[in-house]
Amino acid sequence: MPPAKRRESAVPPPATPEMAAKLAINRTGRLTAGQRRVMLWAGLGAALLLLCPLTLLVQMGVLVASDRVPVVTTAGLIFTVLGLLFVLMFAGLAWANVQMFVPDAFGRQPVRFARGPLGVHVSEKDRPELPFSYVIEDYSFAPYVAPDDVPMRPGAPYLVYYAAHSRLLLSLAALDAPDAAQWAPAFGETEGDKPS
């Protein structure tokens, strides 16, 4: 292959129409309608899941407040304590999801960005579900999250937009693509804006 052709093939293609539509909205610091729906469904779905342990607690409270309290046994006490621990764990997990997704769906600044060379972080342990992750600046994401329409080239510069609280990947653009200049962020981030 001649050198000129080799250089041309190293230049990534411009963003696909689907990715371009996401980038155009995300660069303004906002979520697309589809991204907002995902945040709402995840947050509200988790909130609805909170109703399950809440219902169990209400039933237990009604039983204790009624005159028909069963005889306290060791097995019954152990079952009750384990049930309460399960309810607390379940409620904690659901509440964590609510806190991650609802602020992204309704927040003033739901989008953050990172730009820099694409790195590959290999997992230290044998983890078939996540053998490596991609890293751009201080943002990392799993390889199965990477969009199919953006070629992932380690060492090449990228711009990534992600949700501020849940840190879900929203859109991604190669900074050495012909259309890269139009995807630059149109909103600023100060150090105080960055999530901790």
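All heavy atoms count here, side chains included; hydrogens, waters and symmetry mates do not.
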Side chain [X], main chain [Y], donor-acceptor under 3.5 Å:
| X | Y | answer |
| --- | --- | --- |
| Thr32 | Lys22 | no |
| Tyr158 | Arg153 | yes |
| Arg112 | Tyr162 | no |
| Asp176 | Ala156 | no |
| Asp104 | Ser166 | yes |

Is the shortest side-chain heavy-atom distance between [X] and [Y] below 4.5 Å?
| X | Y | value |
| --- | --- | --- |
| Ile136 | Pro157 | no |
| Leu23 | Gln182 | no |
| Leu169 | Pro147 | yes |

Audit row: Arg27, Leu159, side chain to side chain contact (heavy atoms under 4.5 Å, CB included) steps and yes/no: CA-CA 10 Å; Arg27 72 180 292 270; Leu159 171 66; over 6 Å; no

Quick one: pull up [atom1] in [X] and [atom2] in [Y] and give me the separation to the nearest 0.5 Å.
| X | Y | atom1 | atom2 | answer |
| --- | --- | --- | --- | --- |
| Arg167 | Met100 | CZ | CE | 11.5 Å |
| Tyr161 | Trp183 | OH | CH2 | 9.5 Å |
| Phe187 | Asn26 | CZ | CG | 8.0 Å |
| Leu172 | Phe113 | CG | CZ | 14.5 Å |

Any idea which heavy atoms bring [X] and [Y] closest together, and the distance?
| X | Y | answer |
| --- | --- | --- |
| Leu130 | Ser123 | O-OG, 2.6 Å |
| Pro110 | Gly29 | CD-O, 3.4 Å |
| Ala174 | Pro12 | CB-CG, 3.7 Å |
| Tyr134 | Pro143 | CE1-CA, 3.8 Å |
| Ala177 | Pro13 | CB-O, 3.8 Å |
| Pro117 | Gly155 | CB-O, 3.8 Å |

Among the clusters formed by ILVMFWY side chains lying less than 4.5 Å apart, do [X] and [Y] turn up in the same one?
| X | Y | answer |
| --- | --- | --- |
| Leu88 | Val58 | no |
| Val102 | Trp95 | yes |
| Val135 | Leu118 | no |
| Val160 | Tyr144 | yes |

Arg37, CZ: over 12 other non-hydrogen atoms inside 6.0 angstrom: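 Incorrect, the count does not exceed 12.
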
Atom CZ of Phe132: over 12 foreign heavy atoms under 6.0 Å: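 Yes, the 6.0 Å shell around CZ holds more than 12 heavy atoms from other groups.
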
Residue among Leu170, Leu168, Ile25, Val38 satisfying side-chain contact (heavy atoms from CB on, under 4.5 Å) with Leu31: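 Of all the options given, the one that passes is Leu170.
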
Pairing residues for Phe90 by the ring pair (Phe, Tyr, Trp, His ring centres under 6.0 Å) criterion, not counting sequence neighbours: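 Result, ring pair (Phe, Tyr, Trp, His ring centres under 6.0 Å) vs Phe90: Phe86.
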
Counterpart residues, side chain to side chain contact (heavy atoms under 4.5 Å, CB included), relative to Leu40 (two or more places apart):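 Side chain to side chain contact (heavy atoms under 4.5 Å, CB included) list for Leu40, sorted by chain: Arg36, Leu44, Ala105, Phe106.
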
